[in-house]
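Values reported hereafter were calculated over all heavy atoms of this structure, with side chains retained and with hydrogens, waters and symmetry mates removed. On a predicted model such as this, the values are computed, not experimentally measured, just so you know.
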Amino acid sequence: MKTWNVEFLKPSTTKVRRALIVLNQPFSFALLHRLWRSSEWHCCADGGANRLYDLLDNTQRLLYLPHLIKGDLDSLRDDVAEYYGAKGVHIVHDRDQNSTDLMKSVVSLEQRERLEGGLGTYELLILGGLTGRLDQTFHTLSVLHKLRKTRDKAFAVTDDNVGWVLDSGEHMIKIDHSRLGKTCGLLPVGIESTVLTTSGLEWNLCMDTSYPCPLTRVESLAADSLSSIDGLVSTSNHLVPGQNVWIKTTKPIWWTVELGQILD
């Protein structure tokens, strides 16, 4: 069973190594501050540097200097490139049109990991990617779906929600109810269908009768828990106060949960 948490949303003394990739989408200072402090390597994907620069004042910019800006640089403004270049930030122009700025940034993280002795040693936090244009959101879903094969944990985080891919198997999600909202969902993206069994949700799914389903509050959709884009999709589900969430899935599935107030 794989265990998940959102410790990166709060001050932590754990020694988990994390990397942050900032995308070209709006985000709050509170969320940036929390994810920045929870990670040790920081990269802006092309226009993500514009977002970072515009959010901060002159004093703050010196405290939030990324290690890298990478992409085809079609979005990076000249004034932003000049500022960060003068501060010693490495700016890489990658002209490959078969990969996105997010993909290019992930490649740089993988290169860093190989130099340090092991691919996938960092938890990956992606700031943005689940808002704005639908094609860009779908791309984020696709990238994390693929990264499940090479990276232990990768998360997409916005001011509204946090999401990640649960690979086939069993998962225990430790719910920090002080930092997460109540609304959640299980999204069958990138698969034909999956059979879901859950506990800890207001509307649980329990179809696998050969496995003991540890339901604690049952409003079961048992007859319909074969989940697919053409069938049942568990959106607008709710967490149960005081409980963690257990999920068994036969195929990879996206888990998303509403983000609450960012506390320090």
Of all heavy-atom pairs between [X] and [Y], which one has the smallest distance, and what is that distance?
{"X": "Thr137", "Y": "Gly132", "value": "OG1-O, 4.4 Å"}
{"X": "His42", "Y": "Trp36", "value": "NE2-O, 3.1 Å"}
{"X": "Val245", "Y": "Gly200", "value": "CG2-O, 3.9 Å"}
{"X": "Ser227", "Y": "Leu196", "value": "CB-CD1, 3.7 Å"}
{"X": "Asp101", "Y": "Gly71", "value": "OD1-CA, 3.1 Å"}

Euclidean distance, [Y] [atom2] relative to [X] [atom1], rounded to 0.5 Å:
{"X": "Leu31", "Y": "Leu9", "atom1": "CG", "atom2": "CG", "result": "7.5 Å"}
{"X": "Thr249", "Y": "Leu186", "atom1": "OG1", "atom2": "CG", "result": "8.0 Å"}
{"X": "Leu20", "Y": "Ser39", "atom1": "CG", "atom2": "OG", "result": "4.5 Å"}
{"X": "Lys70", "Y": "Ser105", "atom1": "NZ", "atom2": "OG", "result": "7.0 Å"}
{"X": "Leu109", "Y": "His67", "atom1": "CG", "atom2": "NE2", "result": "12.0 Å"}
{"X": "His145", "Y": "Thr140", "atom1": "NE2", "atom2": "OG1", "result": "14.0 Å"}

So, His171 versus Trp246, ring centres under 6.0 angstrom or not? no
Centres of the Trp164 and Trp254 rings: under 6.0 Å? no
Before you tell me yes or no, could you show the steps for Glu7 and Lys10 under side chain to side chain contact (heavy atoms under 4.5 Å, CB included), namely the whole-Å CA-CA distance, both residues' side-chain angles and the distance that decides it to 0.1 Å? CA-CA 6 Å; Glu7 292 294 313; Lys10 64 182 182 181; 2.9 Å; yes
Within a radius of less than 6.0 Å around [atom1] of [X], do more than 12 heavy atoms belonging to other residues, nucleotides or ligands occur?
{"X": "Phe138", "atom1": "CZ", "answer": "no"}
{"X": "Asp57", "atom1": "CG", "answer": "yes"}
{"X": "Asp78", "atom1": "CG", "answer": "no"}

Would you mind reporting whether [Y] and [X] have side-chain heavy atoms less than 4.5 Å apart?
{"X": "Leu226", "Y": "Leu232", "answer": "no"}
{"X": "Ile69", "Y": "Val92", "answer": "no"}
{"X": "Leu76", "Y": "Ile91", "answer": "yes"}
{"X": "Cys184", "Y": "Glu258", "answer": "no"}

Transitively linked via ILVMFWY side-chain contacts under 4.5 Å: [X] with [Y]?
{"X": "Leu201", "Y": "Leu180", "answer": "yes"}
{"X": "Ile253", "Y": "Leu239", "answer": "yes"}
{"X": "Leu35", "Y": "Ile126", "answer": "no"}
{"X": "Leu23", "Y": "Leu68", "answer": "yes"}
{"X": "Leu130", "Y": "Leu134", "answer": "no"}

Salt-bridge criterion met for [X] and [Y] (N-O under 4.0 Å):
{"X": "Glu82", "Y": "Lys87", "result": "no"}
{"X": "Glu113", "Y": "Arg151", "result": "yes"}
{"X": "Asp54", "Y": "Arg77", "result": "yes"}
{"X": "Asp72", "Y": "Arg95", "result": "no"}
{"X": "Lys2", "Y": "Glu170", "result": "no"}

Check the pair Leu166 / Ile247 against side chain to side chain contact (heavy atoms under 4.5 Å, CB included), numbers first and verdict last. CA-CA 9 Å; Leu166 303 176; Ile247 298 169; 3.6 Å; yes
Ignoring hydrogens and angles, tell me if any N or O in the side chain of Asn24 forms a donor-acceptor pair with the backbone of Asp46 under 3.5 Å. no
Is the backbone N or O of Lys104 less than 3.5 Å from a side-chain atom of Asp94, with the two atoms forming a donor-acceptor pair by type? no
If we ignore angles and hydrogens, is there a donor and acceptor under 3.5 Å between the side chains of [X] and [Y]?
{"X": "Tyr64", "Y": "His33", "value": "yes"}
{"X": "Asp160", "Y": "Thr158", "value": "no"}
{"X": "Tyr122", "Y": "Arg18", "value": "no"}
{"X": "Asp159", "Y": "Ser28", "value": "yes"}

Contacts of Lys251 meeting side-chain contact (heavy atoms from CB on, under 4.5 Å) (sequence neighbours excluded), chain-then-number -> Ile191, Thr194
Would Arg61 and Tyr53 count as a cation-pi pair here, with the cationic atom under 6.0 angstrom from the ring centre and within 45° of the axis? yes
Quiz item: cation-pi between Lys153 and Trp4, 6.0 Å / 45°: yes
Only one of Leu141, Thr256, Val165 passes side-chain contact (heavy atoms from CB on, under 4.5 Å) with Leu187; say which it is. Thr256
When Leu144, Val143, Asp152, Ile21 are each screened for side-chain contact (heavy atoms from CB on, under 4.5 Å) with Leu124, the one that passes is Ile21
If you apply the rule side-chain hydrogen bond (donor to acceptor under 3.5 Å, both in side chains), what do you find for Asn204 with Thr198, and how did you get there? CA-CA 6 Å; Asn204 275 301; Thr198 73; 2.7 Å; yes
